[in-house]
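Comments concern the structure below.
In what follows, every chain begins at residue 1, and chains take the letters A, B, ... in the order their sequences are listed.
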There are 4 protein chains.
Amino acid sequence: MAKKTKLTRAEQKALRPIQILDAAFDEFVAHGFSATRVEDIADRIGVTKGTIYVYFPTKEDLFSAMIRHISLPLEDLLREAGGLQGSHAERLRSFLLLAYGGIAQDRRSRELLRFVISEGSRFRQLIDAHFAEVIEPLLSRTQMILDEGVMAGEFRKSPAANADIIVAPILSLMMDQLIHGDRRIVDLSAYVEGHLDLVFSGISVPKALGD
Amino acid sequence: MAKKTKLTRAEQKALRPIQILDAAFDEFVAHGFSATRVEDIADRIGVTKGTIYVYFPTKEDLFSAMIRHISLPLEDLLREAGGLQGSHAERLRSFLLLAYGGIAQDRRSRELLRFVISEGSRFRQLIDAHFAEVIEPLLSRTQMILDEGVMAGEFRKSPAANADIIVAPILSLMMDQLIHGDRRIVDLSAYVEGHLDLVFSGISVPKALGD
Amino acid sequence: MAKKTKLTRAEQKALRPIQILDAAFDEFVAHGFSATRVEDIADRIGVTKGTIYVYFPTKEDLFSAMIRHISLPLEDLLREAGGLQGSHAERLRSFLLLAYGGIAQDRRSRELLRFVISEGSRFRQLIDAHFAEVIEPLLSRTQMILDEGVMAGEFRKSPAANADIIVAPILSLMMDQLIHGDRRIVDLSAYVEGHLDLVFSGISVPKALGD
Amino acid sequence: MAKKTKLTRAEQKALRPIQILDAAFDEFVAHGFSATRVEDIADRIGVTKGTIYVYFPTKEDLFSAMIRHISLPLEDLLREAGGLQGSHAERLRSFLLLAYGGIAQDRRSRELLRFVISEGSRFRQLIDAHFAEVIEPLLSRTQMILDEGVMAGEFRKSPAANADIIVAPILSLMMDQLIHGDRRIVDLSAYVEGHLDLVFSGISVPKALGD
DNA sequence: GATGAATGAGTCTTCATTCAT
DNA sequence: CATGAATGAAGACTCATTCAT
């Protein structure tokens with residue numbers, strides 16, 4: 001049952017690239033692509049520079065592989081969102097909560113966004129891939145629920161039934177955490193509650209009763 | 001009437017640093033701090049490397065000066081927001097529109113946000129300065145209007161009366177434009193309209209009438 | 001029996017720093033600290049600039065290491081001077097001859113003196129280290145023999161029994177060779193003979209006999 | 001009677017090069033030729049770099065001119081030594097004292113020696129000029145007195161009657177002061193007394209009386 | 001596979017020198 | 001004369017990449 005040293009050489013070999021990618025993630029997050037030294041990535045896992053080059057031919061390839069590495073888990077989460085039940089409001093609420101948990105609060109998703117912003121001009125495909133795999137699914141699923149809710153008469157047919165607007169607080173929170181890390185602690189539950197409250201009610205005092 | 005070569009030396013001297021800072025802005029925006037070559041900044045305005053160093057002792061100093069350079073105009077805009085008139089809803093609407101025009105749609109403000117995200121770990125003070133000079137004023141003014149509106153009975157005393165949430169679509173739009181530039185053209189007026197509609201009404205069909 | 005390429009990697013690695021330090025010595029001697037180019041040091045041993053920096057982080061560190069490198073052998077020689085035999089005059093004579101052979105005629109000791117004079121203001125510790133490790137031992141051992149000789153009645157108790165004065169011709173010769181190299185060939189044996197003759201007899205005609 | 005501002009423009013003009021040379025002396029002394037910046041020399045007298053180049057075409061020319069500048073006064077002193085009176089011992093004593101006062105204790109002569117040692121390989125003529133104008137006259141005059149003293153039966157015809165040896169303590173003192181400046185204060189009068197005592201008597205106890 | 005010595009292209013920075021004002 | 005903005009050649013230092021062991 002002992003886990004340590006139990007790894008066969010084949011397992012070891014399969015593990016190495018993942019170790020490297022994890023270390024690369026940390027270094028690239030901390031310093032960005034240009035300012036990250038391959039040697040620092042190597043140091044992080046106790047190997048030498050040369051070892052990195054055994055697995056990845058260039059620093060750019062390593063970066064791209066790292067991006068792919070941290071992008072993978074996300075797909076699962078979005079798929080999971082398929083089978084939501086209940087009214088449209090309930091489905092929207094559930095979906096947004098899922099997005100908070102799976103995206104905004106997931107460090108990898110967050111840092112991926114940082115890479116898109118800071119390295120997007122060097123790695124053009126980053127932008128398209130991120131949009132296609134993260135943003136677009138998020139928006140289209142949101143928009144789908146909104147449209148269905150409108151058709152069902154549950155939501156107003158209004159300019160506010162716009163996915164970009166509805167998910168904005170989620171992206172905004174990601175950015176805030178990207179910038180401030182743990183230094184500016186936002187009250188997360190109040191934030192989410194405020195978001196949902198706004199979505200479903202707006203801030204104005206209901207006029208209907210009095211009129 | 002000829003403008004060229006008409007500048008006195010004193011004028012030239014006063015102009016040069018601004019030229020440099022503008023060129024630096026463009027290069028740093030395009031490549032980030034580390035990947036920007038001082039020589040490229042110089043080339044952009046037709047001088048040589050050495051000239052840059054006549055005005056700025058190091059690349060880091062140049063970067064910091066550039067940040068200060070692009071941060072200045074913002075202060076005016078926020079001050080301008082002081083004298084808004086009308087109901088609280090009108091004041092909030094006006095303030096948000098002002099923020100769209102002055103911040104989200106201002107290229108410098110937008111790119112400043114990029115620097116905060118991509119170079120914040122290298123230039124720590126960037127984060128604090130940006131928060132203190134841009135984010136915090138934006139949030140506190142918004143919160144003030146919200147609080148007053150609640151006290152005046154114009155807004156619901158609700159979790160949605162939360163500045164972070166209310167301004168999120170503005171920041172989210174900035175980020176979107178930062179990432180996609182002109183490639184993903186969002187319908188700006190629909191976006192703003194959707195934002196304001198959400199803020200003041202939410203998306204739910206009013207229940208009072210039907211009940 | 002072939003010597004070349006016969007070195008193991010470990011031997012190479014142990015040798016390289018010494019090669020570099022020897023080459024650095026030659027270049028620094030020829031041009032001084034500031035005017036020496038790291039690349040020239042590298043060229044001298046057929047490697048590239050980068051290799052130097054594998055072993056020494058900065059030019060200053062290389063210089064300091066070079067100084068330590070050439071300073072080491074001296075310690076042995078001074079220790080050797082401990083077991084001198086004979087009358088005090090004989091011991092003084094032997095010690096001075098030892099100093100001529102081990103210091104004045106040793107190229108490294110000589111050039112070390114040049115570095116002290118020319119780079120002392122940049123490398124303050126050079127001065128103190130040189131004094132503590134070369135000059136002071138030389139002077140204190142000389143003074144010890146002089147003092148003992150005086151107590152033994154072998155030397156006059158006079159102002160001339162002053163180590164600074166007694167060893168001056170040795171230092172003066174070093175300086176001369178530093179300046180003129182091989183261009184002004186001083187008759188070394190006449191010089192040494194003159195020095196010892198002066199020390200033990202002065203230049204005046206003995207008065208006692210004639211009076 | 002006011003000295004200040006009384007200078008005509010012509011006098012001002014004549015003064016400027018001397019100011020520059022004096023400032024250059026201080027900077028070159030402190031940092032050596034290579035590490036001295038022309039701008040620092042200019043700063044020292046409150047002018048700008050360009051001004052230096054009005055008077056001296058290159059840094060090397062400035063250095064050479066500075067050497068000539070500080071070498072001038074020395075010639076006078078040596079000439080002064082011509083008319084010494086008294087016995088040969090008295091003349092030698094007077095000459096050595098003159099050398100102490102005029103050379104060893106003259107800052108310019110001392111620093112000139114530093115330049116010879118540290119910049120001699122870059123400015124070859126420095127070595128020859130220094131030897132011809134300082135060292136050789138010192139040695140030849142000393143040797144002349146020694147030779148005449150031997151011929152007059154006043155000095156022993158011995159290996160010690162060697163100018164190199166006799167003046168060595170003077171040069172050695174210069175070197176010591178060059179290295180230690182004011183940090184190692186040698187008792188100058190004891191030093192000179194010791195030197196002269198050695199020269200005229202050696203350190204051995206006179207044997208003549210007892211034998 | 002892993003190493004780490006070596007490379008060399010690249011970048012920041014310095015500074016002697018020029019020249020229009 | 002004096003200035004000081006501008007130059008550009010040079011040099012310290014870095015680091016992605018290679019390759020023999």
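With sequence neighbours left out, the salt bridge (Lys or Arg N to Asp or Glu O under 4.0 Å) criterion links B:R110 to no other residue. Applying the salt bridge (Lys or Arg N to Asp or Glu O under 4.0 Å) criterion to D:D61, with sequence neighbours excluded, gives no partner residue. Under the side-chain contact (heavy atoms from CB on, under 4.5 Å) criterion, C:D26 pairs with C:R44, C:R107, sequence neighbours left out. Taking B:S34 as the reference, A:S34, A:A35, B:R122 meet the side-chain contact (heavy atoms from CB on, under 4.5 Å) condition, with sequence neighbours excluded. Partners of B:D128 under the side-chain contact (heavy atoms from CB on, under 4.5 Å) rule, at least two apart in sequence or in another chain, do not exist in this structure. With sequence neighbours left out, the side-chain contact (heavy atoms from CB on, under 4.5 Å) criterion links A:A42 to A:V47, A:I52. C:F28 pairs by the ring-ring contact (aromatic ring centres under 6.0 Å, His included) definition with C:F33, C:F63, not counting sequence neighbours. The salt bridge (Lys or Arg N to Asp or Glu O under 4.0 Å) test applied to C:E119 returns no partner, not counting sequence neighbours. The salt bridge (Lys or Arg N to Asp or Glu O under 4.0 Å) check on B:D22 picks up B:R108, with sequence neighbours excluded.
Stems are defined here as 3 or more consecutive Watson-Crick or G-U wobble pairs with pairing distances under 3.5 Å; those involving DNA chain F are E:2-21 with F:2-21.
Taken residue by residue, residues 22-34 of chain D places no heavy atom nearer than 4.0 Å to DNA chain F. Residues from residues 58-65 of chain C placing a heavy atom under 4.0 Å of any atom in DNA chain F, listed by number, are C:T58, C:K59.
Distances shorter than 4.0 Å separate some side-chain N or O of C:T51 from OP1 or OP2 on E:dT7. Contact annotation: C:Y53 side-chain N/O to E:dA6 OP1/OP2 distance is not under 4.0 Å.
With the nearest nucleotide of DNA chain F identified for both A:R37 and D:I52, D:I52 has the one nearer the 5' end. Along DNA chain E, the nucleotide nearest to B:T36 and the one nearest to C:V47 differ in position, and the one closer to the 5' end is contacted by C:V47.
Nearest heavy atom pair, residue C:A14 against residue C:P17, reads O-CD, 3.5 Å.
Residue side chain D:K49 does not reach the base of F:dT3 through any donor-acceptor N/O pair under 3.5 Å, judged by distance alone.
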